[in-house]
Structures are given as structure tokens and as C-alpha cells.
**Q** 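Below are the C-alpha cells for one structure; questions will follow.
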Amino acid sequence: MSALLLGASATTQAQSLPVYLDESKPIEQRIDDALSRMTLDEKIAVIHAQSKFSSPGVKRLGFPDLWTDDGPHGVRPDVLWDEWEQAGQTNDSCVAFPALTCLAATWNPGLARLYGESLGEEALYRNKSVMLGPGVNIYRTPLGGRNFEYMGEDPWLASRMVVPYVQGLQSKGVAACVKHYALNNDEEYRHQVNVIVSDRALHEIYLPAFKAAVQEGGAWSIMGAYNLYKNQHNCHNATMLNKILKKDWGFDGVVISDWGGCHDTEEAIKNGLDLEFGSWTDGLTMGATNAYDNYYMALPYKKLIREGKYTTKELDEKVRRVLRLFYRTTMKRNKPFGFLCSESHYDAALKIAQEGIVLLKNETSPGLPKGEGLLPLTKEKLELLRKSSPLGGDKRGVRILVVGENAIKMMTVGGGSSSLKAQKEILPLDGIKAKFSILNSQLSIDYARGYVGDTVQSYNGVTVGRSLYETRSQEELTAEAVDKARQADVVIFVGGLNKSNYQDCEGHDRQSYDLPYAQNEVIEAILKVNPRLVYVNISGNGAVLPWIQKVPAVVQAWFIGSEAGEAIASVLAGDVNPSGKLPFTWYASLDQCGAHATKSYPGNWREDYKIIDEEYKEGIYVGYRWTDSRKIKPLFAFGHGLSYTTFKVGKVTADKQEITADGRLTITVPVTNTGNRAGSETVQLYVAAKGSKIERPVKELKAFKKVYLQPGETRNVELTIGADALSYYDESTSAWRTDAGKYEALIGTASNQLPAKYAFTLYK
């Protein structure tokens, strides 16, 4: 009988194990041993899928199968082996966490760590070893259908938020698969778009978050993107994968194809792809008895080796990386325990949602004292609105009207691969009813749909809960909303986008920057009878808000998952003081966006109509970099976000006025809560190069810190930058460069609110 079964000592056990199973040995030594024992068939097997979401291990050697799953906002429900439809399980519900735009809007790296840890625990319970996320593609245009899955327009903000997310997830023994690498800024024709971009824009704007995820976060896997760069698909791209990712950045993990992103066996062999998923044959439509063996990196690859066209050199390198992933995940024996739908995960989802909600506008309204914002809707403020109502308010309770389909629509269902089967989702209407009913037993809350945007009842087998079926015309819906608004003391309009096609959705981009579904018409009609309107926008993108000057309060609420209704209601009622900041520039119109102003989006078809060439003519001038350079005033600036209290940024001091190329500069700024409520403010530091000989943005975000303050409290906030914060990518040398000269640090609370300045000099 085996010594292991007889309870032998640890030393004896280790001596009896083959090297590849001996956890006392270094991983690289174990990989060498395992690789030497594998047959050609076993090597080929581990580099491609065996089902929709799994790839095989090596059963003969005791390596279990590798299971991946979609994220990045929760663990997707299990699907059938060969189909996208749900498997019909009862233990695959999840906590739906806020979309990554909301996480980025918290400007709180600590919450990114909590997010990753919580998601990792849910994945562990479900036996998932690779979560397909997070996404860090740059918000280049507000028409991007998948922007809600990403972390905004700024490479520094995205970098600081992705690192703790990856570290938190992988601390649970679950691999992050950072996506979609890279330049994946189009959903429409995403397999055909060939991006033409300057090396400088590539390295300064579109790659930093991926680089941080790899070099600082230690990401164990990366997902290649569907689009092309330099006429090669990014799932097998010599420049992106071999040179930049693996050679320049030292990435030692696995490059996983996006599902169906592999297109050619020889390119996959040579150009950096390690693990192929979801390619053209799916076992349903192509007639093969084992379709996965027909993947580009399956039998076709083995055939080329058998014919002598390739040795096993490239194959062994791919297998080595896959084995490394095995040892980090499926073969890691001391992983922590997983938890599903735990109280702590709901608490995390709620905390992230509350901190990510952005108060965009908050002005006074009829019936309120001068200078007092309409929000928060406290008990006392609601009484003022009731008493000042034209309806008369002495003998009745407060009347709140909620309008809008988005108040009753589940946003965890749909939108593509991020669709979830949430154990629960508190809808905005339900959250508002529960929260405000506590304030006053005489308070009444009515609802009017207002518009119809989506009546679909399910997505991939997950139902939407509350029925969205509607037979009334738009005229009838508008008339109902207006009639009820006349009788209300305050109107809360819950609108925005949804996860239907051509809204915030994988596979399609938006066709217009306007709000869809007659929302503007309904809002304008309501304003004629009741100006006390709070607009709550649910979306992952900005939109034109033509009535913005007439609406006193505007809240950006994102897609915020299981606790959506509770989070929104807690901010509206004032239980939570909003502290979110926009992670992108909110344009007043599309022509304020560089990608549209330069007419470079969405690109042009080639003569054969097989490829779209899309040149990023705006270069490094993405988001606020573009509006700054053209002196454009957007609707809401990058980094903007109000509070129910007020803050003052004091005089800046620093530890030095001159730094060298290897030096650090620490800037200290006092921040005071000058209002009467506790709250959080995010101090933002931007760097401006003065008198530069090369073209530079007016300013660039290079540091930030969120600080919580009691009323009247002052704290000194320290922000440290190094010479790397002053650098740019020099295309003539293909390297980062920092020029000696004068610089200025601009410090404030939004990209357009930077009252504190500090001049310093860099010496070589």
C-alpha cells in the first residue's frame, strides 16, 4: 500500500512523489518534469478548449480540467457543454457586482481589491479557475457598446484600479484574464476592424492599464482582442503578444483567445497565442463528432508537427505557460474556501455601488431655501416640498412619483457575456419604496412607466423578473406620466440606457448619442407641470441631455448589480453622501469627442469589404486631453462629482522644488470639509509640462487619493510622483523619455477644478 495512505511522514511523502506533484519543489522544476512526461496528444489537448468554457487537464498525470467563466461583474451561470443556453442548474446564481465603470468611479483602489477578493470567493465556490476579466480598454467614444465593462478614459486611473482588482482575485487562487488586449474600442464589426494608431498613443493611452495589470498586478492570463492591429488579429499578433507583452513586459502567463478570436493555425503557432477558446466550429453546426479537435491549435497543429513543418519548440512553450497556470490555480492545494452569495459579498457590492454613484448636478428647486440643493430628499426637505406645492399640502402626505422603465428593469440580465443569473437584484423602484416609506408613514409613492425600451423577458434562459410587457402607446404613457407628475411633490425619473442591442451591449455599438425611447419627450413634458425633478441616469456611457438646464438634480447611477435599488435610494435619501467621480469626460455633443471630431470613427471599409481600417487620428488626445487641447467645455468634466457637503483645497507644499530622473516629489495639500455633513473627497493631481519642445497634453492625471472627513475636519493629503509621471513615449527611439525642464502640478477635485498649483523643475 502507498506510503501516503499509511500516513507516512511529510518527508517520506515528498520523496515518494514525482517532481511534478511535489509542492516542495519550485514551480519551474515541476513544469519541466510534467512537460517531459506528456505525450504529443496531451500537449496539443491542453492548448485548446474541450467545451464552451473548459479545457482539458492531463488526466493520466492527475491534472484536472481548467474551467473558465465570464465576468467581470459576477460569475456567469453555467451553460450546456456545447451551447450558450443555461444548463438549468440551481446552485449557479451569484452576487452581481457593479459594472467596472462604477468601480472606476469610486476612485478607491481599496474597493477594487475588495471587488477582486469577493469575486474570487464566488468563483472558487463554483470551481472556476479563470475569471474572464477585468476589462481595461479605453473609453475612446461614448458610442462604444462595451464601455460599461471597462474603467474609463484615463490610463492612470484604469491602471491604479486594475492592479488591486487582479491582486484581490488571484489572492484566492483564481486567475484574472485581463481583457481585451488591446485597442478593442469597437463592437460593431469587431472582427474586421484594423486599428491604425501611432506608437505614442498606443503606449501612452491604450497599453498602460494592461502593462500595470501584468507587471504590478502579476496577472496570470490575458485575453486577446477580436480586432486587428498592423493587419494581424490580436489573438495572434506578433507585435502585441510576442514583442510587447511577452518580451518587453516579461509576461509569464497564458494568452487566451477571445471566443472565436483565432483565425489561422500558423499565425497562432508563431504569434503568441497559448490557449484557444470558442473558435469557428462549436460542435453544433459544423458536423464534426468532436468539433474541438478541429480547432486551429488542435489536429491542424499536430498535423503540421507530424509533417515536419514545425518542431515542438513553440508547442512546448505554450504548454509550459498552461502548466504554470495549472500550478497557480487547479493544482494549488492551499487555496482558501469559496463562498457564494454571502452577506459579505452583498455588503461589498453595496459599498462599491454607493461610492461609485456620481452626483452630477444638485441645484435648488421651487419651495426650497435659496442655495439648497434638491437632493438629498430628507424627511425635512420632503415636508418643505409638500407645504410649498401648488396642490396644497396641509392635509395630505408627501407624494413621490417615480417614472421610467429603468426603475423596473433588471440590468444584470443581458448585454452579452457579462449577463448574470443574480440571486437577487433590488430594482430602483423597490429600493425607493422601501427607503422612503420609512421616512413617513403618510408618504405615498406612485409609478408611471413613461416609455418602453425593452420588452424582452429573458436572455440565455435567465428571466428578467418583473414583466415588461406593454400595450399602451407612447402618447398614452407620456400622458399618464404628466398627469401623475401634476399630483406629485417631487418626481424621480429613472432613465438612461439599457443592455439591449445598440445600447450598452456586447456585439453592437450605439447608433446615436441621444437618450433612446422618447425619454427626452417625456422629461420635457413633465417639466412643464412639475420642475422638481431628479433625473437618475443608469448607463455605462454618457448621453446628450438637452433639458439639463431645467432639471435641478442629476445622478449617474451606472449598472450597479444586486444592490442597485438600495444603493440608489440610499443616495437619494441622504443616508449615503455621494462621493463618486466621473471616470470619463461627459460630452455635451459628439463633436466634442476627438474620435468623432476627427471623423476617424468608425473607420472605412477596404475595397474588398473584408476589413475596416480605423485610424485613431486624435492620437494621444483622448477624453479630457482632447477637450483641454481644443478649449472645449464638456457637459461634465473628467473627475467631476459633487457631494452633499463642501470641501476646500488649501495651499500646496512640497518636500522639494527640484527632482532628478530617479527622484520623487511628495506634495502635501490640506483638505477641509467646510459643510455640515461627513463625506469623502478625491484629491486629484495632474501634471503639466511647461515649455515642452514636443507636443504634450495640457495636463495629465498622475496621482489621486480619496479622503473621508467629518464636518470641519482638515487633513493633509500627500501625493507622490516620480520622474516617470513626466515622461512620454519617444517614437524615434521606441522608448519612454523624460525631458529636463519646468513642470507644474495642478491639484483639485476635478479636471476642471484645480485651484492649487506647484511649480517644480526636473534636472537630468
Side-chain angles (χ1 to χ4, degrees), residues 136-140 151-160 162-163 178 181-185 194-217 222 225 227 229-230 232 234 237-251 594-595 598 600 614-626 628-629 638 659-663 685-703 721-745 762 764:
V136 289
N137 291 100
I138 292 297
Y139 184 106
R140 179 177 175 246
M151 296 189 182
E153 74 182 32
D154 185 77
W156 179 257
L157 175 62
S159 296
R160 294 312 91 203
V162 72
V163 168
V178 186
Y181 179 76
L183 302 164
N184 187 204
N185 306 114
N194 177 56
V195 174
I196 302 168
V197 62
S198 70
D199 284 350
R200 187 175 174 196
L202 176 67
H203 286 272
E204 290 188 18
I205 304 297
Y206 298 100
L207 292 185
F210 288 103
K211 183 179 182 181
V214 168
Q215 294 191 329
E216 298 177 57
I222 289 280
N227 56 284
Y229 169 67
K230 292 189 174 180
Q232 287 184 335
N234 277 346
N237 187 292
T239 302
M240 281 290 183
L241 301 180
N242 288 343
K243 182 185 183 302
I244 296 175
L245 179 64
K246 293 183 175 180
K247 181 175 180 291
D248 295 348
W249 296 353
F251 176 65
T598 58
S600 58
E614 185 172 350
E615 183 178 0
Y616 288 16
K617 295 179 182 178
E618 73 279 11
I620 60 173
Y621 295 101
V622 175
Y624 68 88
R625 290 166 170 81
W626 176 268
D628 282 353
S629 69
F638 172 79
I659 62 172
T660 58
D662 59 352
L685 184 153
Y686 297 77
V687 170
K690 314 302 288 186
S692 175
K693 295 179 181 179
I694 65 136
E695 194 174 3
R696 303 287 298 266
V698 174
K699 62 179 182 289
E700 296 181 276
L701 179 71
K702 292 299 177 182
I721 59 172
D724 58 330
L726 317 179
S727 64
Y728 62 93
Y729 191 80
D730 185 350
E731 293 183 332
S732 67
T733 60
S734 298
W736 288 90
R737 177 186 175 98
T738 306
D739 291 339
K742 297 185 181 299
Y743 296 85
E744 191 171 45
L762 173 70
K764 285 285 190 172

**Q** Could Arg625 and Glu153 be called an ion pair, given the rule that one side-chain N must be under 4.0 Å from one carboxylate O?
**A**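 Glu153 and Arg625: not salt-bridged.
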
**Q** Taking side chain as C-beta onward, heavy atoms only, is Tyr686 less than 4.5 Å from Phe638?
**A**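 The answer is yes, as the side chains (C-beta and beyond) meet within the 4.5 Å cut-off.
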
**Q** Identify whether the distance between the nearest side-chain nitrogen and carboxylate oxygen of Glu614 and Arg140 falls below 4.0 Å.
**A**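 Judged by the 4.0 Å cut-off on N to carboxylate O distance, Glu614 and Arg140 do form a salt bridge.
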
**Q** Compare every heavy atom of Ala212 with every heavy atom of Ser159, then report the nearest pair and how far apart it is.
**A**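 Taking Ser159 first and Ala212 second, the nearest heavy atoms are CB-CB, 3.8 Å.
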
**Q** Using 0.5 Å steps for rounding, measure from the CG atom of Asn234 to the CG atom of Asn184.
**A**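 It comes to 8.0 Å.
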
**Q** Looking at Ala213 and Val163, what are the two nearest heavy atoms and their distance?
**A**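 The pair with the smallest heavy-atom distance is N-CG2, 4.3 Å.
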
**Q** Could you state the interatomic distance from CG (Asp628) to CD (Glu700), rounded to the nearest 0.5 Å?
**A**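 CD of Glu700 is found 10.0 Å from CG of Asp628.
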
**Q** Please round to the nearest 0.5 Å and tell me the distance separating atom CG of Asn227 and atom CG of Asn194.
**A**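 So the CG of Asn227 and the CG of Asn194 are separated by 8.5 Å.
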
**Q** Do side-chain atoms of Gln232 reach the backbone of Ala238 as a donor and acceptor pair under 3.5 angstrom?
**A**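 Yes, Gln232 side chain to Ala238 backbone: donor-acceptor pair under 3.5 Å.
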
**Q** Are Tyr616 and Leu202 close enough that some pair of their side-chain heavy atoms sits under 4.5 Å apart?
**A**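 No, side chains not in contact.
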
**Q** Would the number of heavy atoms belonging to other residues, nucleotides or ligands and lying under 6.0 Å from CD of Gln215 be above 12?
**A**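 Correct, the count exceeds 12.
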
**Q** Distance check, rounded to the nearest 0.5 Å: Lys211 atom NZ versus Leu245 atom CG?
**A**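 Interatomic distance, Lys211 NZ to Leu245 CG, rounded to 0.5 Å: 12.0 Å.
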
**Q** At what distance, to the nearest 0.5 angstrom, does CE of Met151 lie from CD1 of Ile138?
**A**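 With rounding to 0.5 Å, CE (Met151) is 10.5 Å from CD1 (Ile138).
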
**Q** Within a strict 4.5 Å, meaning less than it, do heavy atoms of the Trp736 and Asp724 side chains meet?
**A**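 No - every pair of side-chain heavy atoms lies 4.5 Å or more apart.
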
**Q** Any side-chain heavy-atom pair from Pro697 and Trp626 closer than 4.5 angstrom?
**A**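 They are not in side-chain contact.
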
**Q** Backbone N or O of Ala595 within a donor-acceptor pair of the Ser600 side chain at under 3.5 Å?
**A**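 At least one qualifying donor-acceptor pair exists.
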
**Q** Please tell me if the side chains of His203 and Asp248 come closer than 4.5 Å, counting only heavy atoms from C-beta onward.
**A**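 In short, these two side chains do not touch, never coming nearer than 4.5 Å.
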
**Q** Between the side chain of Asp154 and the main-chain N/O of Lys702, is any donor-acceptor distance below 3.5 Å?
**A**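 Answer holds: no.
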
**Q** Mind checking what makes side-chain hydrogen bond (donor to acceptor under 3.5 Å, both in side chains) contact with Glu615, not counting sequence neighbours?
**A**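 Checked Glu615 against side-chain hydrogen bond (donor to acceptor under 3.5 Å, both in side chains); zero matches.
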
**Q** On a heavy-atom basis, which atom in Ala703 and which in Ile721 lie closest, and how many Å separate them?
**A**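 Nearest pair, atom of Ala703 first, then Ile721: CB-CG2, 4.1 Å.
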
**Q** Does any non-hydrogen side-chain atom of Phe210 lie less than 4.5 Å from one of Val178?
**A**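 Yes, at least one pair of side-chain atoms sits under 4.5 Å.
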
**Q** Considering residues at least two apart in sequence or located in another chain, which fulfil the side chain to side chain contact (heavy atoms under 4.5 Å, CB included) criterion with Thr239?
**A**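 With neighbours one apart ignored, the set is Tyr229, Lys230, Asn237, Ile244.
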
**Q** Using 0.5 Å steps for rounding, measure from the OG1 atom of Thr598 to the CD atom of Glu618.
**A**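 Separation between the atoms: 5.0 Å.
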
**Q** State, yes or no, whether a side-chain contact exists between Val622 and Tyr139 at a heavy-atom distance under 4.5 Å.
**A**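 In short, these two side chains do not touch, never coming nearer than 4.5 Å.
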
**Q** Taking all atoms of both residues into account, what is the closest heavy-atom pair of Ser727 and Arg696, and its distance?
**A**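 Answer, listing the atom of Ser727 first, then Arg696: O-NH2, 3.6 Å.
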
**Q** Can you check whether Tyr181 reaches Leu207 side chain to side chain, under 4.5 Å on heavy atoms?
**A**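 Touching, per the 4.5 Å side-chain cut-off.
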
**Q** Could you tell me which non-hydrogen atom of Ile620 sits nearest to which non-hydrogen atom of Ile205, and how far apart they are?
**A**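 Result for this residue pair: O-CD1, 3.5 Å.
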
**Q** Which residues pass the side-chain hydrogen bond (donor to acceptor under 3.5 Å, both in side chains) test with Arg737, sequence neighbours left out?
**A**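 Arg737: side-chain hydrogen bond (donor to acceptor under 3.5 Å, both in side chains) contacts with Tyr728, Asp739.
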
